[in-house]
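In what follows, chains are A, B, ... by sequence order, proteins preceding strands, each numbered from 1.
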There are 2 protein chains.
Amino acid sequence: MDSGKSFEESLLQFVEELKDESEMTEKQRSIMQASIKLFATKGFHASSTAEIAKEAGVAEGTIFRHYKSKKDILLAVVAPVLVKIATPFILRDVREIFNRQKELSFGEILQELYQNRLSLVAANEKHVRILLQEAFFHDEIRETLLSTVFQEIKRLAAQLIKDRTEAGELRPLPSDAVFRAILSSLIGLVLFKHVTDPDEFAKRTDEEQVAATVDILLYGIANRP
Amino acid sequence: MDSGKSFEESLLQFVEELKDESEMTEKQRSIMQASIKLFATKGFHASSTAEIAKEAGVAEGTIFRHYKSKKDILLAVVAPVLVKIATPFILRDVREIFNRQKELSFGEILQELYQNRLSLVAANEKHVRILLQEAFFHDEIRETLLSTVFQEIKRLAAQLIKDRTEAGELRPLPSDAVFRAILSSLIGLVLFKHVTDPDEFAKRTDEEQVAATVDILLYGIANRP
DNA sequence: TTTAATAGTGAGTACTCACTCATTTTTAGG
DNA sequence: CCTAAAAATGAGTGAGTACTCACTATTAAA
């Protein structure tokens with residue numbers, strides 16, 4: 001696991017490769033590059049058009065020749081970055097883990113998946129924060145995020161759940177409820193580790209916390225008679 | 001359930017009762033009242049000091065005689081509101097449900113709790129949004145929220161989990177992991193209903209979704225041999 | 001070479017904001 | 001009733017913001 005480039009590296013490479021494509025002018029490209037850089041490090045609201053212009057080595061007016069508003073830059077920038085960088089980056093390891101299906105039990109898949117996701121969030125806390133922030137404030141970005149990343153994860157998970165249910169490894173349950181339970185457990189792990197209860201969480205290792213979570217998800221909290 | 005006053009009403013009453021207490025001046029009180037009203041309806045960032053002054057029937061300068069900055073008002077306002085209004089309001093029904101322990105199985109408690117929380121969020125979507133927003137941006141508010149509401153919920157849940165585990169109704173598991181699982185499932189329900197997947201969620205009633213969630217939480221997703 | 005379109009400029013516009021301070025009003029003590 | 005301290009005022013300040021526009025430079029076709 002942990003194969004491939006970091007998000008930071010992927011982003012920079014993407015910014016570089018903006019050269020090749022399309023009939024963008026020199027200036028237009030540097031505006032995009034500057035915007036990506038600034039939005040990714042400080043967030044949309046904290047980046048002023050004056051700052052973007054300075055970073056891009058361009059007059060402020062030039063920005064508005066190519067984009068009709070500041071928000072226009074955001075939308076022009078976020079969609080391709082999300083589709084070409086963020087989504088593959090987020091899903092890369094998930095696919096890899098799911099593809100090792102044959103060798104792994106469902107519990108092992110969950111264990112690997114959760115640990116991998118915790119590492120991913122820990123290594124990209126700043127970007128996660130900023131992405132959530134933008135998703136919170138801008139409907140369009142939230143929609144884009146949901147219709148790309150979320151839908152694809154849902155699709156992948158649905159397939160896996162179906163296979164494992166048919167194989168008799170999982171109980172016959174509503175697929176969407178199972179998916180929600182799996183994702184909820186992950187969100188809970190991330191939230192408790194990073195936001196609500198970091199001290200309590202750290203009393204045991206990530207592996208132990210993940211193991212307890214997977215155990216509960218698989219077998220429930222109730223005692224059987 | 002759904003007993004007692006709404007959050008809106010509780011807030012207004014609290015604002016009124018500011019009269020009685022402490023050595024606040026007339027003006028100071030109306031600044032607080034106006035701030036509570038505006039912050040609660042529009043959020044901190046969207047409420048200007050000019051607006052607060054106007055609403056309070058006070059000159060803008062008077063605000064800065066009593067509070068050294070705008071953020072100072074926020075901190076002075078949020079702490080008492082959180083402690084005296086929000087926390088009791090949020091916990092009221094939870095206590096009530098937990099106190100009916102003797103009559104209810106753990107599954108029934110979860111079912112009632114989740115349905116009650118879904119109603120609460122649905123009825124107070126705007127305030128939930130604003131509170132989350134402020135918690136996202138202001139560390140102090142996040143800390144206050146965690147050290148009041150969250151800690152108390154955790155305490156209540158820990159007691160219930162302990163009782164039910166000793167009674168043999170729950171498996172002997174790490175208490176914090178069980179709590180996290182319970183809360184994660186709730187967060188998942190709220191998130192899927194309101195943010196990520198409202199259409200898919202609405203294909204079944206809230207009751208059905210809650211029932212599926214409780215089933216999974218109690219008995220897990222794995223098939224037993 | 002002229003012309004016409006496009007790209008780029010940066011000072012300027014019109015605005016909002018939190019915060020200040022010289023002035024006025026209110027209050028209280030002698 | 002006078003006066004001095006305290007409280008309150010609101011126009012003013014300066015730093016910010018996104019965005020405009022009259023103008024210049026560059027390019028490409030006629």
Side-chain angles (χ1 to χ4, degrees), chain A residues 18-79 130 133-134 136-141, chain B residues 18-19 21-78 130 133-134 136-141:
Chain A
L18 278 176
K19 266 171 215 146
D20 313 335
E21 342 188 356
S22 77
E23 62 298 317
M24 263 187 188
T25 77
E26 186 86 15
K27 306 275 175 181
Q28 206 165 347
R29 205 186 321 121
S30 52
I31 292 169
M32 272 212 104
Q33 292 179 346
S35 301
I36 291 172
K37 186 175 165 186
L38 286 171
F39 291 168
T41 49
K42 314 176 57 182
F44 175 75
H45 193 71
S47 312
S48 70
T49 50
E51 209 176 354
I52 294 169
K54 196 179 169 190
E55 172 74 32
V58 147
E60 208 172 341
T62 309
I63 290 173
F64 293 95
R65 171 158 305 271
H66 296 292
Y67 305 94
K68 69 175 205 293
S69 70
K70 187 187 162 191
K71 180 145 185 179
D72 224 50
I73 313 175
L74 181 70
L75 301 184
V77 146
V78 164
I130 286 173
Q133 191 187 125
E134 308 307 356
F136 195 91
F137 283 104
H138 306 284
D139 294 2
E140 306 90 336
I141 289 181
Chain B
L18 278 176
K19 269 170 212 145
E21 346 187 354
S22 76
E23 61 298 317
M24 262 187 191
T25 77
E26 186 86 16
K27 306 275 175 182
Q28 208 165 345
R29 205 184 323 119
S30 52
I31 291 168
M32 271 212 105
Q33 292 179 346
S35 300
I36 290 171
K37 187 173 164 188
L38 286 171
F39 291 168
T41 48
K42 314 175 58 183
F44 176 74
H45 192 72
S47 312
S48 70
T49 50
E51 209 175 355
I52 294 169
K54 195 179 170 192
E55 173 74 32
V58 147
E60 210 174 338
T62 308
I63 290 174
F64 293 94
R65 171 159 306 270
H66 295 292
Y67 306 93
K68 70 176 204 292
S69 70
K70 188 188 164 191
K71 180 144 187 181
D72 223 50
I73 312 175
L74 180 70
L75 300 183
V77 147
V78 164
I130 285 173
Q133 190 187 124
E134 309 304 356
F136 197 92
F137 281 105
H138 307 284
D139 294 3
E140 307 89 338
I141 290 181

Nearest to the [X] side chain among [options], which nucleotide is it?
| X | options | value |
| --- | --- | --- |
| A:Thr49 | D:dA22, D:dA18, C:dC19 | D:dA18 |
| A:Val58 | D:dT17, D:dA7, C:dT9 | C:dT9 |
| B:Ser48 | D:dA8, C:dA18, D:dG10 | C:dA18 |
| B:Thr25 | D:dA18, D:dA8, D:dG10 | D:dA8 |
| B:Lys70 | C:dC19, D:dA8, D:dC19 | C:dC19 |
| B:Phe64 | D:dA7, C:dT20, C:dA7 | C:dT20 |
| B:Ala59 | D:dT9, D:dC19, C:dG10 | D:dT9 |

Q) Hey, which of these two, A:Arg65 or B:Gly61, hits DNA chain D nearer its 5' end, going by closest nucleotide? A) B:Gly61
(Q) For B:His138 together with B:His45, are the ring centres under 6.0 Å from each other? (A) no
In this structure, how many angstroms lie between the [atom2] atom of [N] and the [atom1] atom of [X], rounded?
| X | N | atom1 | atom2 | answer |
| --- | --- | --- | --- | --- |
| A:Ile73 | D:dT17 | CD1 | C1' | 14 Å |
| B:Gln28 | D:dA6 | CD | C1' | 14 Å |
| A:Lys54 | D:dG16 | NZ | P | 12 Å |
| B:Glu51 | D:dG10 | CD | P | 18 Å |
| B:Leu74 | C:dC17 | CG | P | 17 Å |
| B:Ile63 | C:dC17 | CD1 | C1' | 13 Å |
| B:Lys68 | C:dC19 | NZ | P | 10 Å |
| A:Glu60 | C:dA14 | CD | P | 16 Å |

Reckon [X] touches a base, only the sugar-phosphate, or nothing at all at heavy-atom distances under 4.0 Å?
| X | value |
| --- | --- |
| B:Lys27 | sugar-phosphate |
| A:Thr62 | base |
| B:His45 | nothing |

Q | Considering all heavy atoms, the nearest A:Ile73-A:Ser35 contact | A | CG2-OG, 3.2 Å
Q) Minimum heavy-atom separation for B:Ile141 to B:Glu134, with atom names? A) CD1-CB, 4.1 Å
Per-pair distances, 0.1 Å, donor-acceptor, side chain in residues 54-64 of chain B, under 3.5 Å, sequence neighbours excluded:
residue : atom : partner : partner atom : Å
B:Glu55 : OE2  : B:Lys37 : NZ           : 3.0
B:Glu60 : OE2  : B:Thr49 : OG1          : 2.9
B:Thr62 : OG1  : B:Ala59 : O            : 3.4

Q) Taking it one step at a time, do A:Ile31 and A:Tyr67 satisfy side-chain contact (heavy atoms from CB on, under 4.5 Å)? A) CA-CA 10 Å; A:Ile31 292 169; A:Tyr67 305 94; 3.8 Å; yes
Q.
On DNA chain C, compare the nucleotides closest to A:Glu26 and B:Ser47; which residue's is nearer the 5' end?
A. A:Glu26
**Q.** Residue-phosphate contact under 4.0 Å: B:His66 side-chain N/O, D:dA7 OP1/OP2
**A.** no
Q. Relative to each other, are the rings of B:Phe136 and A:Phe136 parallel, tilted or perpendicular (30° and 60° limits)?
A. parallel
